Amino acid sequence: MQPPLWTFRCFPLVSMTFLPALQVLVPSESKTLHLYEARYLALLDESLFRKNKLFVHFVLDPVAVSDSSREISFAARHACLVFIENVERLQVGALVTIRGIGRVKIIELLQVDPYLRGRILSVRDNIVQDECSLSSKVMDVKNVLHNLNSLEIKLKAPKEVLLQTQILNSLNWAVKGIYVDIDQNFVPSLAERVSFAAFQPISGSTKSELQSLQLKKLKAMDMKNTLERLNKSLKLIKENISTVAAKLAIQSIEI
Ligand SMILES: *[C@@H]1O[C@H](CO)[C@@H](O)[C@H](O)[C@H]1NC(C)=O
Ligand SMILES: *[C@@H]1O[C@H](CO)[C@@H](O)[C@H](O)[C@H]1NC(C)=O
């Protein structure tokens, strides 16, 4: 059977002056893009027209073909199937909010103009673990993420309790799962979804903190072991809790 056909596109920032890998999107992550180039708007219209509101977001990595030649070719890596959550039309283009669902592999390119189209396969964690240790880790991650979230909210605006941080936004989605009408093979398990939720920026992050997070996201995309990713998440969240707690302490001295 042929794998389903989805539309996919490369991220707009693929010129060589950028570090495209640093734009990776992980499952559960939500991001708002401003699309204004005609080909991206065409892609948007096609995704909306197909009603499934899905497309693929991937990172274009330059690879040197060989040491002797100067030629560079590109590899599509770290692809993520995304769902269009919201579209706001602007005078120039549109603001499009997308949500990462699950990792995919691009297996065939069928069209490059005006946007890329191809076939994809679902990529899931494949190292089997016992349900019991997974679900207790998932509980741990949820608990520490909620702790981090309350600290983060204090740091942002002590009086606005209802503010939602990006981490909580990802976690809530990961826990609730999917509303889209989609082949369930493309939807990761609850444990896998939750294992990605922590890989989100924290308010007030410095540039170097953000860069270090992006590298961790790339590694998380490459992992095939849910328990290992949950372990990494726990470590990351605990470190971030200390960072935010330290920033809060400074803030209270300044007040
Ligand atoms: C959160 O922790 C991770 C892992 O140590 C680090 O890469 C990231 O920069 C931290 N972010 C903040 C805001 O402390
Ligand atoms: C995850 O951490 C637990 C300890 O909390 C450890 O026993 C286990 O081996 C780790 N698993 C992986 C795959 O890292």
Side-chain angles (χ1 to χ4, degrees), residues 18-32 59 61 77-78 80 100 102-103 123-158 160 163-175 188-254:
F18 289 90
L19 281 174
L22 295 186
Q23 301 290 344
V24 64
L25 184 97
V26 300
S28 85
E29 177 169 6
S30 161
K31 184 150 132 180
T32 300
V59 168
D61 259 352
R77 293 213 178 97
H78 304 112
C80 190
R103 291 170 294 168
V123 176
R124 307 271 292 271
D125 284 340
N126 58 8
I127 296 176
V128 184
Q129 275 122 1
D130 74 286
E131 284 301 317
C132 181
S133 52
L134 269 184
S135 57
S136 81
K137 268 285 165 14
V138 166
M139 279 304 293
D140 290 350
V141 167
K142 282 203 243 177
N143 287 338
V144 288
L145 271 178
H146 278 287
N147 293 345
L148 174 57
N149 180 63
S150 359
L151 281 177
E152 227 193 303
I153 283 174
K154 279 192 204 148
L155 190 63
K156 276 167 92 164
E160 270 182 271
L163 268 185
Q164 201 188 47
T165 61
Q166 213 162 328
I167 281 190
L168 195 64
N169 178 297
S170 286
L171 180 67
N172 286 343
W173 181 87
V175 169
S189 68
L190 171 74
E192 187 176 328
R193 298 196 303 265
V194 170
S195 74
F196 278 106
F199 294 88
Q200 295 303 313
I202 294 183
S203 34
S205 295
T206 63
K207 216 169 161 186
S208 75
E209 283 167 346
L210 285 177
Q211 266 176 5
S212 131
L213 174 70
Q214 295 296 333
L215 295 175
K216 295 206 161 65
K217 282 165 83 172
L218 289 175
K219 283 198 187 133
M221 288 293 271
D222 282 337
M223 280 178 196
K224 291 285 166 63
N225 184 330
T226 313
L227 194 58
E228 190 187 350
R229 198 180 305 101
L230 286 165
N231 279 355
K232 288 272 187 288
S233 298
L234 276 177
K235 189 164 163 261
L236 181 137
I237 303 160
K238 284 176 182 160
E239 284 172 21
N240 289 172
I241 285 180
S242 335
T243 314
V244 176
K247 284 183 185 165
L248 268 176
I250 294 172
Q251 197 180 57
S252 67
I253 291 171
E254 282 168 351

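In listed order, ligands and their atoms are each counted from 1. Small disclaimer: the values here were computed from a predicted structure and weren't measured.
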Polar atom proximity, [X] to ligand 1 (N or O, under 3.5 Å):
X: Ser208; answer: no
X: Ser205; answer: no
X: Lys247; answer: no

Check: Any idea which heavy atoms bring Gly100 and Trp173 closest together, and the distance?
Finding: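 Minimum heavy-atom separation between Gly100 and Trp173: O-CH2, 3.7 Å.
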
Check: Between Lys31 (side chain) and Leu25 (backbone), is there a donor-acceptor pair under 3.5 Å?
Finding: no

Item checked: Heavy atoms from other residues, nucleotides or ligands near NZ of Lys247 exceed 12 (cutoff 6.0 Å) ->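 Yes, the 6.0 Å shell around NZ holds more than 12 heavy atoms from other groups.
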
Suppose I only count heavy atoms of [X] and a 4.0 Å limit; which atoms of ligand 1 are within that range?
X: Lys216; value: 4 (C), 5 (O), 7 (O)
X: Ser212; value: 6 (C), 7 (O), 8 (C), 9 (O)
X: Thr243; value: 14 (O)

Check: Taking only residues two or more places apart in sequence, or in another chain, which ones meet Asn126 in a side-chain contact (heavy atoms from CB on, under 4.5 Å)?
Finding: Lys224

Reported [atom1]-to-[atom2] distance for the pair [X] and [Y], which is rounded to 0.5 angstrom:
X: Lys137; Y: Leu234; atom1: NZ; atom2: CG; answer: 6.0 Å
X: Glu192; Y: Leu227; atom1: CD; atom2: CG; answer: 12.5 Å
X: Leu230; Y: Met139; atom1: CG; atom2: CE; answer: 12.5 Å

Margin query: Taking 4.0 Å as the limit for heavy-atom contacts, which would you say applies to Glu209 with ligand 1: side chain only, backbone only, both, or neither?
Written below: both

Margin query: Less than 4.0 angstrom from a charged side-chain N to a carboxylate O is my criterion; do Asp125 and Arg103 meet it?
Written below: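 Yes.
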
Note to self: Whether Glu239 and Lys216 form a salt bridge (side-chain N of Lys/Arg under 4.0 Å from carboxylate O of Asp/Glu) is what I want to check.
What the structure shows: no

Margin query: List the protein residues in contact with ligand 2, where contact means a heavy-atom separation under 4.0 angstrom.
Written below: Lys137, Asn225, Leu227, Glu228, Asn231

